[in-house]
Every structure is written in C-alpha cells, then in structure tokens.
**Student:** 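A single structure is presented below for examination.
Scope of the values below: all heavy atoms of this structure, side chains included, with no hydrogens, waters or symmetry mates. In this chain, residues are counted from 1 in sequence order.
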Amino acid sequence: LYGKYFEDTKIFNIFPKELSDRGDYLGELLPLGSTPGKDFCGIIGDNGITFYSEGEKVDVESYGLYQSIFSRNKGILETSVMNTKRAVILGCGSVGSLVAMELARAGVGHFLLADPDVMEYHNICRHQCGIEDVGDLKINALSRKLKNINPKVHIEKFDGIVQNLPKTMLDDFCVSTIFIGCADNRAADVYTNRISIYYTSFFLSIGFWERAYAGEIFFHIPGKNMPCYECALGDGGNISARAQANHHIYSNQEQTEGVKFEPGISVDINFITSIGIKLAIDILNSTNPDYIPRLLNNLQQYTLVCNTSNPKIGGEMVE
C-alpha cells in the first residue's frame with residue numbers, strides 16, 4: 001500500500017496503482033484470514049478490504065476516480081463525454097502547461113504533448129511545474145502533473161516541434177481532437193492549423209505580445225464558413241504586435257539588438273490563457289446540443305485581450 005499519511009488529520013490517503021511509485025510506503029495488503037499487527041495494513045475479505053492501524057479497524061471512505069474527481073463538474077461538463085475528448089498541446093511552457101492542466105480538470109481524457117524543451121529554474125515563476133521537475137523534459141514534467149489530477153488519463157509524448165511530429169502518431173490519435181498552438185511563433189500555428197484541417201479537427205491558437213501586455217486568441221472549426229489561420233493572419237507580418245520568435249523572444253526590437261526577454265508575469269499570461277481554455281472547452285462541446293457555451297457564441301474568430309492600456313508598460317501599440 002502506497003500513498004500519504006497526514007499526522008495532523010490521522011488520515012491515510014491510499015494512492016491508485018497508477019501513482020503508487022509517487023507515494024510513501026504505508027503498509028502491506030494481506031491475504032484473507034491474516035491477523036493485523038500494530039502497523040497499518042489492509043486485509044482482503046469476502047466483502048472487500050478492511051484496513052487496520054495499531055490493531056484497530058480504520059474507518060474507510062472509498063472513492064471512484066471519475067465520480068469523485070469530477071463530481072463538481074456534473075451538470076456543467078459531463079465526464080463520460082469529456083473523457084473521450086483529445087487535445088494536442090503544441091508547446092508545453094507557461095501557456096501549454098496551464099492549458100493542459102485545466103483541460104485535465106475539465107475531464108479531457110487524452111493528451112498528446114509536444115515540446116523539445118527542458119524544464120529550467122527560470123521557468124518556475126510562470127510554469128505549472130516546479131523545482132522538483134527542473135532538468136526533465138517539459139513533456140515529462142507536465143505528464144506527471146496531469147496524472148496527479150487524473151491517474152487514468154491517456155498521455156502520448158513527443159520531444160520535438162510540431163513540424164517533426166510523426167504522422168503515424170497523429171493518425172492514431174486524431175478523433176474528436178483539438179489542436180492547441182501554445183508555441184512562440186506564427187509559423188508553428190500556420191503549420192498546426194493545416195494539420196488540423198487535414199484531420200478535420202478543431203484548432204486554437206494562444207499567442208502573446210511583448211511581455212504579455214496583450215495576447216491574441218484565434219480558433220478554427222472545420223466545416224464552418226471561416227478562414228484558416230494562414231488565410232486570416234498569414235505568417236504574422238505587421239498585422240499585430242504578436243512577436244515572431246523562434247524561441248522565447250518576445251520583442252522584434254529586442255531581436256535586432258540581440259537581447260532576449262521572457263514573457264510577462266504569470267498572472268498576465270494566465271488571464272489571457274484562461275480565456276483560450278474556456279473557448280477550447282466550448283469548442284470541444286460544440287457538437288453537443290445540450291451544452292451551453294460560455295464564450296464561443298459571443299466572440300469572433302480573432303480576439304485581442306489587453307492586460308493594460310498604459311504605454312509605459314506596453315509601448316505605443318497598447319493605446
């Protein structure tokens with residue numbers, strides 16, 4: 001038996017087998033007819049398992065993973081429906097990690113995570129992962145976080161950029177799927193939207209302007225009379241102030257000067273990203289006639305979100 005024991009509450013939290021490697025050793029699971037000792041243990045009986053601590057029977061509150069974890073979503077998001085939904089998260093940094101975590105909390109049951117980057121200390125102030133994950137690939141660190149929300153979640157991982165994603169992975173994965181572009185450049189979003197169209201899948205892009213003083217959200221639903229990302233926005237150009245960066249560069253001026261800046265603070269990134277997540281949930285449920293959208297019916301394909309109107313923070317464009 002593995003899990004956590006909390007001295008203050010005298011509660012044993014026994015982990016499901018999918019998370020046993022992350023728990024502390026609590027005690028043994030003993031066969032029918034065994035006698036409990038002083039240590040914590042479980043004894044298999046005809047009607048299930050009986051637990052003992054210090055020789056005394058322990059009160060048990062059992063839980064079903066889906067019924068318990070997602071019980072607060074009932075009537076808003078149906079677990080049986082959300083568990084079949086699939087999300088391809090392209091870029092697992094500050095944006096992609098929040099997107100994946102919230103979709104997992106909403107009940108999405110299948111993820112494909114793509115990112116070549118390693119978790120570093122300077123990522124911590126914005127990323128959903130932490131110090132214990134530094135040095136590992138972001139896709140591995142994020143995978144552990146998702147399983148800590150839903151141990152039954154199905155996760156596939158690719159440690160590369162979207163342009164190198166094997167077609168065989170997508171062929172097997174793309175059913176009732178949304179592709180979510182969370183990388184730092186338009187070229188990746190153009191390519192991703194092309195792939196989503198090929199698989200008749202949904203597409204959503206969440207991109208940021210310099211230091212996250214503003215962000216833009218774009219979506220594409222196949223079969224609707226709407227332009228794709230490339231038709232609407234091209235490869236970026238001068239249409240907006242979204243930075244065209246290959247790797248963590250968020251200002252065109254800074255690119256020419258050779259200075260690299262990371263995006264803004266976590267709360268600014270998360271505020272804009274959360275709007276994209278709400279849209280993603282709406283889009284995944286758009287074929288359900290009983291679902292009431294939060295944002296989808298009230299926003300155009302392209303939405304600009306500003307965190308400030310002060311030019312001292314965002315420059316001239318913010319006005």
**Student:** Taking all non-hydrogen atoms of both residues into account, name the closest pair between Cys228 and Ile197 and its distance.
**Tutor:**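 Result for this residue pair: CB-CD1, 3.8 Å.
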**Student:** Quick check on Glu54: does its CD atom have over 12 non-hydrogen neighbours (other residues, nucleotides or ligands) under 6.0 Å away?
**Tutor:**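 Check fails, neighbour count at 12 or below.
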**Student:** Determine whether Asn310 and Tyr213 make a side-chain contact, defined as any pair of heavy atoms from C-beta on separated by less than 4.5 Å.
**Tutor:**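 They are not in side-chain contact.
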**Student:** What's the separation between atom CG in Leu279 and atom CD in Gln301, rounded to the nearest 0.5 Å?
**Tutor:**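 One gets 11.0 Å once the value is rounded to the nearest 0.5 Å.
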**Student:** Quick one: does any side-chain atom of Asn270 pair with a main-chain N or O of Val267 as donor and acceptor, under 3.5 Å?
**Tutor:**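 Checking the backbone N and O of Val267 against the side chain of Asn270, no donor-acceptor pair under 3.5 Å is found.
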**Student:** Would you say Phe40 and Leu30 are hydrophobically clustered, going by side-chain heavy atoms of ILVMFWY under 4.5 Å?
**Tutor:**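 Each belongs to a different hydrophobic cluster.
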**Student:** More than 12 foreign heavy atoms under 6.0 Å from CD of Glu56: is that the case here?
**Tutor:**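 No, CD of Glu56 has 12 or fewer neighbouring heavy atoms, counting only those of other groups under 6.0 Å.
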**Student:** Please check this pair: side chain of Arg126 against backbone of Ile124, looking for a donor-acceptor N/O pair closer than 3.5 Å.
**Tutor:**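 No; zero donor-acceptor contacts below 3.5 Å.
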**Student:** Do Asp282 side-chain atoms and Leu295 backbone N/O form a donor-acceptor pair below 3.5 Å?
**Tutor:**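 Answer holds: yes.
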**Student:** Which atom names give the shortest non-hydrogen contact between Asp189 and Gly181, and what distance separates them?
**Tutor:**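 Smallest heavy-atom distance, with atoms named: OD1-CA, 3.5 Å.
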**Student:** Ring pair (Phe, Tyr, Trp, His ring centres under 6.0 Å) between Phe51 and Phe12: does it pass, once the steps are laid out?
**Tutor:** CA-CA 10 Å; Phe51 294 93; Phe12 293 90; 8.8 Å; no
**Student:** Taking a hydrophobic cluster as the set of Ile, Leu, Val, Met, Phe, Trp and Tyr residues connected by side-chain heavy atoms closer than 4.5 Å, whether directly or through intermediates, do Ile180 and Leu296 fall within one such cluster?
**Tutor:**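 Linked, Ile180 and Leu296 end up in one cluster.
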**Student:** With clusters defined by side-chain heavy atoms of hydrophobic residues (ILVMFWY) lying less than 4.5 Å apart, directly or transitively, does Val81 cluster with Tyr291?
**Tutor:**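 Different clusters.
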**Student:** Could you go step by step and tell me if Leu113 and Asp115 meet the side chain to side chain contact (heavy atoms under 4.5 Å, CB included) rule?
**Tutor:** CA-CA 7 Å; Leu113 308 177; Asp115 195 308; over 6 Å; no
**Student:** Are any non-hydrogen side-chain atoms of Phe202 and Pro222 less than 4.5 angstrom apart?
**Tutor:**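 SC-SC contact between Phe202 and Pro222 confirmed.
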**Student:** Please say yes or no: joined through hydrophobic side-chain contacts below 4.5 Å, possibly via intermediate residues, are Met226 and Ile283 part of one cluster?
**Tutor:**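 They do share one cluster, since a chain of ILVMFWY contacts under 4.5 Å joins Met226 to Ile283.
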**Student:** Any side-chain heavy atom of Ile281 within less than 4.5 Å of one from Arg294?
**Tutor:**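 When only atoms from C-beta onward are counted, Arg294 and Ile281 do not touch, as no gap falls below 4.5 Å.
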**Student:** Side chain of Asn307, backbone of Ala212: donor and acceptor closer than 3.5 Å?
**Tutor:**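 Such a contact is found between Asn307 side chain and Ala212 backbone.
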**Student:** Less than 4.0 Å between a side-chain N and a carboxylate O, is that true for Arg194 and Glu230?
**Tutor:**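 Salt bridge flag = yes for Arg194 with Glu230.
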**Student:** Which heavy atom of Gly91 sits nearest a heavy atom of Cys182, and at what distance?
**Tutor:**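 Residues Gly91 and Cys182, closest heavy atoms: O-CB, 3.4 Å.
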**Student:** Flag the pair Leu90 / Leu165 as yes when at least one side-chain heavy-atom distance between them is below 4.5 Å, and no otherwise.
**Tutor:**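 They are in contact (side-chain heavy atoms under 4.5 Å apart), so the answer is yes.
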**Student:** Hey, could you give me the CG/CE distance between Asn140 and Met119, rounded to the nearest 0.5 Å?
**Tutor:**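 Here the interatomic distance stands at 12.5 Å.
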**Student:** Using side chain to side chain contact (heavy atoms under 4.5 Å, CB included), reason through Phe219 and Thr303 one step at a time and then give a plain yes or no.
**Tutor:** CA-CA 9 Å; Phe219 66 88; Thr303 299; 5.8 Å; no
**Student:** Measure the CE-OG distance between Met101 and Ser97 for me, rounded to the nearest 0.5 Å.
**Tutor:**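 OG of Ser97 is found 7.5 Å from CE of Met101.
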**Student:** Please find the pair of heavy atoms, one from Leu204 and one from Ala280, that lie closest to each other, and give the distance.
**Tutor:**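 Between these two residues, the closest heavy atoms are CD2-CB, 3.8 Å.
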**Student:** Give me each pair satisfying ring-ring contact (aromatic ring centres under 6.0 Å, His included) with a member in residues 158-197, each pair once, sequence neighbours excluded.
**Tutor:**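 Residue pairs with at least one partner in residues 158-197: there are none.
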**Student:** Does some side-chain heavy atom of Cys129 sit less than 4.5 Å from a side-chain heavy atom of Lys145?
**Tutor:**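 Side chain of Lys145 against side chain of Cys129, heavy atoms only: contact under 4.5 Å found.
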**Student:** So Asp133 and Asn123, side chain to side chain contact (heavy atoms under 4.5 Å, CB included) or not? Walk me through it.
**Tutor:** CA-CA 10 Å; Asp133 302 302; Asn123 298 135; over 6 Å; no
**Student:** Any idea which heavy atoms bring Ala232 and Phe218 closest together, and the distance?
**Tutor:**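 Smallest heavy-atom distance, with atoms named: CB-CE1, 3.7 Å.
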**Student:** Distance alone, cut at 3.5 Å: any donor-acceptor contact between the side chains of Ser196 and Asn193?
**Tutor:**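 A pair is found: one side chain offers a donor N or O, the other an acceptor, under 3.5 Å apart.
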**Student:** How many angstroms lie between atom CG of Asp268 and atom OG1 of Thr273, to the nearest 0.5 angstrom?
**Tutor:**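 Output value for this atom pair is 10.5 Å.
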**Student:** Hey, can you pull the donor-acceptor pairs under 3.5 Å for the side chains in residues 19-28, sequence neighbours left out?
**Tutor:**
unit_1	atom_1	unit_2	atom_2	d
Ser20	OG	Lys17	O	3.0
Arg22	NH1	Arg144	O	2.8
Asp24	OD2	Lys4	NZ	3.4
Tyr25	OH	Glu28	OE2	2.6

**Student:** Test your reading of the model: is there a side-chain donor-acceptor pair from His127 to the backbone of Cys92, 3.5 Å cut-off?
**Tutor:**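 Yes, His127 side chain to Cys92 backbone: donor-acceptor pair under 3.5 Å.
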**Student:** For the pair Glu156 and Arg86, find out whether any cationic side-chain nitrogen is under 4.0 Å from an anionic carboxylate oxygen.
**Tutor:**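 Looking at Glu156 and Arg86, the cut-off is not met.
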**Student:** As an exercise, state the distance from NZ of Lys138 to OG of Ser143, rounded to the nearest 0.5 Å.
**Tutor:**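 Here the rounded value is 15.5 Å.
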**Student:** Is there a path of hydrophobic side-chain contacts, each under 4.5 Å between heavy atoms of I/L/V/M/F/W/Y residues, joining Ile14 to Leu29?
**Tutor:**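 Leu29 clusters together with Ile14.
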**Student:** Nearest heavy-atom pair of Pro31 and Ser34: which atoms, and what distance?
**Tutor:**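 Shortest heavy-atom separation between Pro31 and Ser34 comes out as O-OG, 2.8 Å.
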**Student:** Show, in sequence, the C-alpha distance, side-chain angles and deciding distance for Phe111 and Leu103, and conclude whether the side chain to side chain contact (heavy atoms under 4.5 Å, CB included) test is met.
**Tutor:** CA-CA 9 Å; Phe111 290 87; Leu103 290 183; 3.9 Å; yes
**Student:** Taking C-beta and beyond as the side chain, do Leu304 and Trp209 meet within less than 4.5 Å on heavy atoms?
**Tutor:**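 Result yes, sub-4.5 Å side-chain heavy-atom pair found.
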**Student:** With a 4.5 Å cut-off on side-chain heavy atoms, are Tyr199 and Asp171 touching?
**Tutor:**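 With C-beta onward as the side chain, the pair touches.
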**Student:** Any donor-acceptor pair under 3.5 Å linking the side chain of Asn164 with the backbone of Ile161?
**Tutor:**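 Pair absent, no side-chain N/O of Asn164 close to backbone of Ile161.
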**Student:** Distance from Cys231 atom SG to His220 atom NE2, nearest 0.5 Å?
**Tutor:**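 Taking SG in Cys231 and NE2 in His220, the distance rounds to 8.0 Å.
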**Student:** So Ile272 and Val95, do their side chains get closer than 4.5 Å, heavy atoms only?
**Tutor:**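 No; the side chains remain at least 4.5 Å from each other.
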**Student:** If the test is side-chain contact (heavy atoms from CB on, under 4.5 Å), which one of Leu137, Leu142, Asp136 qualifies with Ile139?
**Tutor:**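 Option passing the side-chain contact (heavy atoms from CB on, under 4.5 Å) with Ile139: Leu137.
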